[in-house]
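To start, the structure under review is shown below, and the notes come after it.
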Amino acid sequence: QVRLAESGGGSVQTGGSLTISCAAAPEYTASGRCMAWYRQAPGKEREGVASINAYGTKVYRETVKGRFTISRDNAKNTLYLQMRSLSPNDSAIYYCAGTRYRRDCVSLESAQYYYWGQGTQVTVSS
């Protein structure tokens, strides 16, 4: 099983910024896959936040457009999510996901992702 390890979560105040990371295991070439960030708040369904395919095309959830930026450092085999202007509605466990072979993504459909990380908690206080 390929390991995806999230880090960087924490607590911030409303309006603050935070960057979370997802380090992929060496045997998984993140640059050649579609990868994404998902989040799940207590009592709510998991939702897609942003994705980036092997060609660099990015897709964002409407509610995070202009505030969140997904990026990938191919040399470090690491995925990032830069978050700014955070609000309590952004509080959730954030998960990193990657496709098994697919280089492209179908919007933020979760079924296409085969590998998932354990998640990192992001808490935004008012």
Side-chain angles (χ1 to χ4, degrees):
Q1 182 75 6
V2 168
R3 182 169 177 264
L4 299 175
E6 302 95 337
S7 62
S11 298
V12 296
Q13 292 188 329
T14 296
S17 301
L18 197 65
T19 297
I20 55 178
S21 305
C22 170
E27 64 269 25
Y28 183 80
T29 306
S31 62
R33 305 291 194 280
C34 188
M35 298 197 72
W37 287 100
Y38 280 76
R39 66 186 181 186
Q40 187 167 21
K44 295 186 177 181
E45 292 188 356
R46 183 177 59 189
E47 60 184 26
V49 177
S51 69
I52 180 169
N53 67 14
Y55 312 104
T57 302
K58 304 174 184 181
V59 174
Y60 293 96
R61 184 176 194 82
E62 194 64 34
T63 55
V64 307
K65 283 182 179 179
R67 300 188 299 120
F68 290 13
T69 301
I70 188 171
S71 63
R72 183 172 54 210
D73 185 326
N74 295 336
K76 295 183 178 179
N77 210 25
T78 299
L79 182 73
Y80 300 97
L81 185 67
Q82 296 173 279
M83 304 178 287
R84 62 181 180 85
S85 300
L86 287 162
S87 76
N89 288 335
D90 296 313
S91 295
I93 298 175
Y94 283 71
Y95 298 92
C96 170
T99 57
R100 192 172 187 183
Y101 301 116
R102 294 188 62 153
R103 296 176 62 83
D104 207 344
C105 312
V106 178
S107 65
L108 290 171
E109 172 56 52
S110 63
Q112 63 192 317
Y113 296 102
Y114 188 83
Y115 301 109
W116 293 82
Q118 294 299 307
T120 186
Q121 177 72 50
V122 173
T123 303
V124 186
S125 58
S126 57

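Position 1 is the first residue of the sequence, and the numbers go up from there.
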With hydrophobic residues grouped by side-chain heavy-atom distances under 4.5 Å, do [X] and [Y] end up in a single group?
X      : Y     : answer
Trp116 : Val2  : no
Val12  : Leu81 : yes
Val59  : Tyr80 : no
Val49  : Leu4  : yes

Could you grab the distance from atom [atom1] of [X] to atom [atom2] of [Y], nearest 0.5 Å is fine?
X     : Y      : atom1 : atom2 : value
Arg61 : Tyr38  : CZ    : OH    : 9.5 Å
Asn53 : Arg102 : CG    : CZ    : 10.0 Å
Tyr60 : Ile52  : OH    : CD1   : 7.5 Å
Leu79 : Asn74  : CG    : CG    : 10.5 Å
Arg84 : Leu18  : CZ    : CG    : 14.0 Å
Tyr95 : Gln40  : OH    : CD    : 5.5 Å

Sequence neighbours excluded, the answer for salt bridge (charged side-chain N to carboxylate O under 4.0 Å, His left out) partners of Arg103 is none
Centroid separation Trp37 to Phe68 less than 6.0 Å: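 No - the distance between ring centres of Trp37 and Phe68 does not fall below the 6.0 Å cut-off.
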Residue pair [X] / [Y]: nearest heavy atoms and the distance that separates them:
X      : Y      : answer
Ser125 : Pro88  : C-CG, 4.5 Å
Ile70  : Lys58  : O-NZ, 3.0 Å
Gly9   : Thr120 : N-OG1, 3.1 Å
Ala41  : Ser91  : CB-O, 3.6 Å
Gln112 : Glu109 : NE2-O, 2.8 Å

What pairs of donor and acceptor atoms, side-chain ones from residues 20-35 against any protein atom, are under 3.5 angstrom apart with sequence neighbours left out?
{"from": "Tyr28", "atom 1": "OH", "to": "Thr99", "atom 2": "N", "distance (Å)": "3.3"}
{"from": "Tyr28", "atom 1": "OH", "to": "Thr99", "atom 2": "O", "distance (Å)": "2.6"}
{"from": "Arg33", "atom 1": "NE", "to": "Arg100", "atom 2": "O", "distance (Å)": "2.8"}

Contact between Val122 and Met83 at the side-chain level, heavy atoms closer than 4.5 Å - yes or no?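 Val122 vs Met83: side chains touch.
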Could you tell me if the side chain of Arg39 sits less than 4.5 Å from the side chain of Glu47, heavy atoms only? yes
Distance-only, no hydrogens or angles: does the Glu6 side chain make a donor-acceptor pair with backbone N or O of Gln118 under 3.5 Å? yes
So with a 6.0 Å cut-off around CD of Gln121, is the heavy-atom count from everything else above 12? yes
Hydrophobic side-chain clustering at under 4.5 Å (ILVMFWY, transitive links): who's grouped with Tyr55? Put none if nobody.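 Result for Tyr55 is none, singleton.
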